[in-house]
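Okay, structure first, notes after.
Remember, predicted model here, so these are calculated numbers, not experimental data.
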Amino acid sequence: FYQLFLDPEMVYSSAYFPDRDASLETAQREKLDRICRKLRLQPGQRMLDVGCGWGGLACWAAGNYGVHVHGVTLSRAQLDFARAKVERLGLQDRVTLELKDYREVDASEAYDAIAQVEMFEHAGFANHERHFDQMRRVLKPGGLYFHQASVRRGGKGAIRPTPTTRVITRFIFPGGELDTIGMTVTNMGRLGFEVLDVEDMREHFELTLREWTARLYARREEAYALAGQARSRLWMIYFALFAKGFERGGTLVYQTVAQKRRPGPSGLPLDRASLYR
């Protein structure tokens, strides 16, 4: 079902479009590479991929940057698909994938870098502190943490569910809750991180969702056969709702990079030029 609308890397998160005419395939490869550059990955480093999905980032980082990647997921189907991809690409010596809750990753095996790409939305408000605390525990001092997540716009008062979010959490993402970028940055700073970089990708996700919608609609008869008409149409409605949400600015998505706090210099370049080609 997901192969009907995702790119060949099977990346189920916002792409990064270098321009509006770029293909989804180009935009997803660009996103994967930007994550690796923002983490300043170097050959031989160890990276944790939290919620590794179908293995797109793990294989990209290992194959193009020479790092050793440990990916964890709660989905047996994703794990099987990703392991087959690792074998197909001959990356068994650099990528290990495991069916495990990331909160159970052993803190004694410290990583140079951690990537979390749109898994955080599933954590729930009550678990945010535990999430960032776990990221700090399994990261080496001075290590970098990459955090990509969709968020609400925020504003005065408490964050309350809307009719749209009630539908989404009932049928698409049970238990899902969207943070705000302000709370994200505050929690990182409060729980042992120095925030280095925050980038808004709102319009990139709008373009991604419109592409997913068009692809799924074009192959809707195949989708009906695989998942049923009701579920397939619900997925297209979900994509359309959120495409409009990102267009209007009610929903946003950010890439945030932070360093596990330590005394002294960060050890990173003073300018941002190295993050871009």
Side-chain angles (χ1 to χ4, degrees), residues 1-35 51 53-54 56-57 75 78 115-123 146-154 161-181 184 198-224 226-256:
F1 178 79
Y2 288 93
Q3 286 177 312
L4 296 177
F5 60 88
L6 294 182
D7 67 296
E9 300 295 336
M10 290 290 284
V11 181
Y12 190 38
S13 56
S14 176
Y16 195 102
F17 287 79
D19 57 71
R20 290 186 175 273
D21 295 326
S23 67
L24 179 64
E25 289 77 8
T26 295
Q28 289 293 14
R29 291 194 297 268
E30 176 66 21
K31 190 272 295 295
L32 294 176
D33 210 57
R34 290 177 72 87
I35 294 172
W54 287 284
L57 176 59
S75 168
Q78 288 184 333
Q116 177 286 129
V117 185
E118 295 182 26
M119 180 285 299
F120 187 70
E121 295 87 333
H122 302 271
F146 175 90
H147 181 95
Q148 179 171 318
S150 295
V151 299
R152 301 192 193 200
R153 181 171 52 197
T162 66
T164 298
T165 58
R166 289 192 188 100
V167 170
I168 297 302
T169 54
R170 179 178 177 185
F171 293 107
I172 308 293
F173 293 127
E177 292 180 314
L178 297 186
D179 201 5
T180 67
I181 188 60
T184 299
V198 179
E199 182 175 5
D200 183 3
M201 290 175 53
R202 173 173 67 88
E203 291 176 286
H204 295 274
F205 214 163
E206 178 196 343
L207 293 171
T208 303
L209 286 159
R210 292 190 185 284
E211 184 66 22
W212 288 349
T213 305
R215 290 179 177 216
L216 185 55
Y217 183 75
R219 302 182 69 179
R220 59 192 180 279
E221 296 300 330
E222 294 172 76
Y224 296 163
L226 286 167
Q229 188 176 95
R231 185 182 296 272
S232 300
R233 293 178 69 184
L234 182 61
W235 234 254
M236 287 184 276
I237 291 169
Y238 150 61
F239 289 159
L241 279 171
F242 268 91
K244 181 58 69 173
F246 283 105
E247 177 191 313
R248 296 177 63 187
T251 312
L252 307 99
V253 61
Y254 287 90
Q255 289 184 344
T256 306

Inset, instruction - Could you please spell out the steps behind the side chain to side chain contact (heavy atoms under 4.5 Å, CB included) verdict for Val253 and His204? - result: CA-CA 9 Å; Val253 61; His204 295 274; 5.9 Å; no
State, with a plain yes or no, whether a side-chain heavy atom of [X] is found less than 4.5 Å away from one of [Y].
| X | Y | result |
| --- | --- | --- |
| Tyr254 | Thr184 | no |
| Ile181 | Thr256 | yes |
| Leu226 | Leu4 | yes |
| Leu207 | Glu211 | no |

Where the side chain of [X] meets the backbone of [Y], is there a donor-acceptor pair that is under 3.5 Å apart?
| X | Y | answer |
| --- | --- | --- |
| Glu118 | Ser14 | yes |
| Arg152 | Thr180 | no |
| Ser232 | Ala227 | no |

Inset, instruction - Could you label the plane-to-plane angle of the Trp212 and Tyr12 rings as parallel, tilted or perpendicular, counting under 30° as parallel and over 60° as perpendicular? - result: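 Judged by the thresholds at 30° and 60°, the geometry between Trp212 and Tyr12 is tilted.
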Inset, instruction - Check the angle between the aromatic planes of Tyr238 and Trp235 and answer parallel, tilted or perpendicular using the 30° and 60° thresholds. - result: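 It falls in the perpendicular class, over 60°.
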If you take all heavy atoms of [X] and [Y], which pair is closest and at what distance?
| X | Y | answer |
| --- | --- | --- |
| Tyr224 | Arg233 | OH-CG, 3.9 Å |
| Leu178 | Thr251 | CD1-CG2, 4.1 Å |
| Ala115 | Leu57 | CB-CD2, 3.6 Å |
| Pro18 | Ala27 | CD-CA, 4.4 Å |
| Leu216 | Ala223 | CD1-CB, 3.9 Å |
| Phe5 | Arg215 | O-CD, 3.3 Å |

Output the distance between atom [atom1] ([X]) and atom [atom2] ([Y]), rounded to the nearest 0.5 Å.
| X | Y | atom1 | atom2 | value |
| --- | --- | --- | --- | --- |
| Asp19 | Glu30 | CG | CD | 10.0 Å |
| Glu177 | Phe120 | CD | CZ | 10.5 Å |
| Arg219 | Gln3 | CZ | CD | 8.5 Å |
| Phe239 | Ile172 | CZ | CD1 | 8.0 Å |
| Gln28 | Asp33 | CD | CG | 12.5 Å |
| Glu203 | Leu252 | CD | CG | 10.0 Å |

Legend entry - Side-chain donor-acceptor contact under 3.5 Å, Gln78 with Tyr2: no
Legend entry - Phe173 vs Glu121, side chain to side chain contact (heavy atoms under 4.5 Å, CB included): CA-CA, chis, key distance, verdict: CA-CA 9 Å; Phe173 293 127; Glu121 295 87 333; over 6 Å; no
Legend entry - Test: Arg210 and Glu206 ion pair at under 4.0 Å: yes
Legend entry - Lys/Arg N to Asp/Glu carboxylate O, Arg29 vs Glu25, below 4.0 Å: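 Salt bridge absent between Arg29 and Glu25.
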Inset, instruction - Give a yes or no on this: more than 12 heavy atoms of other residues, nucleotides or ligands lie within 6.0 Å of atom CZ of Phe1. - result: yes
Inset, instruction - Would you sort out whether Glu199 and Tyr16 count as a side-chain hydrogen bond (donor to acceptor under 3.5 Å, both in side chains), showing the intermediate values? - result: CA-CA 11 Å; Glu199 182 175 5; Tyr16 195 102; 2.6 Å; yes
Inset, instruction - Determine, step by step, whether Leu6 and Val11 satisfy the side chain to side chain contact (heavy atoms under 4.5 Å, CB included) criterion, reporting the C-alpha distance in whole Å, the side-chain angles of both residues, the deciding distance to 0.1 Å, and the verdict. - result: CA-CA 7 Å; Leu6 294 182; Val11 181; over 6 Å; no
Legend entry - Single hit among Arg34, Gln148, His147 for side-chain hydrogen bond (donor to acceptor under 3.5 Å, both in side chains) with Gln255: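 For Gln255, the side-chain hydrogen bond (donor to acceptor under 3.5 Å, both in side chains) check succeeds only for Gln148.
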Inset, instruction - Report the C-alpha distance between Arg220 and Met236 in whole Å, list the side-chain angles of each, state the deciding distance to 0.1 Å, and finish with yes or no for side chain to side chain contact (heavy atoms under 4.5 Å, CB included). - result: CA-CA 9 Å; Arg220 59 192 180 279; Met236 287 184 276; 4.3 Å; yes
